[in-house]
Structure formats: C-alpha cells, structure tokens
Amino acid sequence: MNNGAKMIFPKALNLDNLIFRIGEVSKMLNVSTRQLRYWEQKGYIQSMRNKCGESRVFDMKNFMCINLMKYYLNQGFTLAKSHEFAKQNLKNMKLLRNFMTNSFQGIENVNDRPAINLGYFDKEQTSILYGFIDNEDSVSYKVIKK
DNA sequence: CTTCTAACA
DNA sequence: TGTTAGAA
C-alpha cells in the first residue's frame, strides 16, 4: 500500500537549517531589535555572526525561544520567568519531536480511514497501534493484530 | 537598505 | 525599553 513516500515526512522536514537576521525575527515575532540584543546580552538567547562584528543571525532554536518568550511576556510574566518557561517548553518540544519521529511509521488505510501507524504495540510485535483523527481536535486509537 | 554600538530631551 | 546618532 505504501511506497517510498511514507517515511519522508519526519526526516526530510528539517527546519533547523533555517536562519534569520535580527530584522526578520523582529518583524515576524513582533519583538524589537533592541529587545533581541538585550536578551542576548542577558544570555537568554544566542546568535551567530556572519563575520567578525557583523550582523546577528538566529537559528531555529533561538527563533522558537524568542517566540515563546514573547508569548509569556504577553501573558504578563517577567523576562526572567518568560525565559524559564520558554526553556522548559523547548525541552518538551525536543522530547515530543523525538518521540514522534521514532514512533511514526507512516500513514495507512484502516477501515477505509486514514490511520497513523505508531509502531508495534507489544514486545512480541504481533499487533500495531494506530491513531485516528476523528475531528479537528479529537483523536482515537486502535490496536490491530498483524 | 540593514545592522552595530553607545548613550540619553 | 524606545529612540536616537554616526559608522560599517
């Protein structure tokens, strides 16, 4: 049923190579360049420099960190707290991403419905766990014998 | 045009 | 933090 296209998703979707300049980040996340430089000075975020003394460049990890910090700041938290929460979020996202890439085995059709193959359910590898999207915000699971 | 640093009616 | 200035 599935050809070579099924495993592309997790590994080919690598956004970690994307980098942004300070002005781009500022516009995209509604954070002033002044703030970004200050946050870096405080050690909350890191940037790479093109050349010595040249302009700042942020990678995806820091982009996400800035995005999260902005979110918590909007919630009324202090800068320090916002960074603390953002840092924890990044850890959780890394964990979740690792879990997803390792559990995702492809999209298949089960009972005429799109089903997400989440790998073997038991150690003996006799049954597989499938996940289903019921609605926009509802999922369900089913264990099926091979 | 963009970014950098430093300083402040 | 905003907003400048002059330089790169």
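Quick note on labels: first sequence line is chain A, next is B, and so on, each numbered from 1. Note that these values count all heavy atoms, side chains included, but never hydrogens, waters or copies made by symmetry.
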Exercise. Is any side-chain N of the basic residue among A:Asp134 and A:Arg113 closer than 4.0 Å to the acidic one's carboxylate O?
Worked result: yes

For this session: Indicate whether OP1 or OP2 belonging to B:dC4 is found under 4.0 Å from a side-chain N or O atom of A:Arg56.
Result: yes

Exercise. Taking only N and O in the side chain of A:Arg37, is any of them less than 4.0 Å away from OP1 or OP2 of B:dC4?
Worked result: yes

Exercise. Just to confirm, is there a sub-4.0 Å distance from OP1 or OP2 of B:dC4 to any side-chain nitrogen or oxygen of A:Ser55?
Worked result: no

For this session: Measure from OH on A:Tyr38 to C1' on B:dA6 and round the result to the nearest Å.
Result: 15 Å

Seminar exercise, completed: Checking N1-N3 plus N6-O4 or O6-N4 for Watson-Crick, or N1-O2 and O6-N3 for wobble, each under 3.5 Å, the partner of B:dA9 is none

For this session: Give the minimum heavy-atom separation between A:Tyr72 and A:Ala86, together with the two atoms involved.
Result: CE1-N, 4.0 Å

Seminar exercise, completed: Regarding the side chain of A:Leu73, the nearest nucleotide among B:dT3, C:dG2, C:dT1 is C:dT1

Exercise. A:Lys27 NZ to B:dT2 P: how many Å, rounded?
Worked result: 6 Å

Exercise. Tell me: CD1 of A:Ile22 to P of B:dC1, nearest whole Å?
Worked result: 19 Å

Exercise. Which residues pass the side chain to side chain donor-acceptor pair (under 3.5 Å) test with A:Arg21, sequence neighbours left out?
Worked result: none

Seminar exercise, completed: Atom CD of A:Gln35 and atom P of C:dG2 are separated, to the nearest Å, by 5 Å

For this session: Could you tell me the separation between the CD1 atom of A:Ile19 and the P atom of B:dT3, rounded to a whole number of Å?
Result: 13 Å

Exercise. Between atom CD in A:Gln41 and atom P in B:dC4, what is the gap in whole Å?
Worked result: 13 Å

For this session: Name the nucleic acid region contacted by A:Thr33, choosing base, sugar-phosphate or nothing; use a 4.0 angstrom heavy-atom cut-off, strictly under.
Result: nothing

Exercise. Can you tell if the side chain of A:Met48 reaches within under 4.5 Å of the side chain of A:Ile19, non-hydrogen atoms only?
Worked result: yes

Exercise. Taking CZ from A:Phe20 and P from B:dT2, how many angstroms apart are they, rounded to a whole number?
Worked result: 17 Å

For this session: Look at A:Lys81 together with A:Glu84 and state whether they make a salt bridge at an N to O cut-off of under 4.0 Å.
Result: yes

Problem set entry | Closest to the A:Arg34 side chain, choosing from C:dT3, B:dT3, B:dC4 | C:dT3

For this session: Please state how far atom CZ in A:Arg49 lies from atom P in C:dA8, giving the value in whole angstrom units.
Result: 16 Å

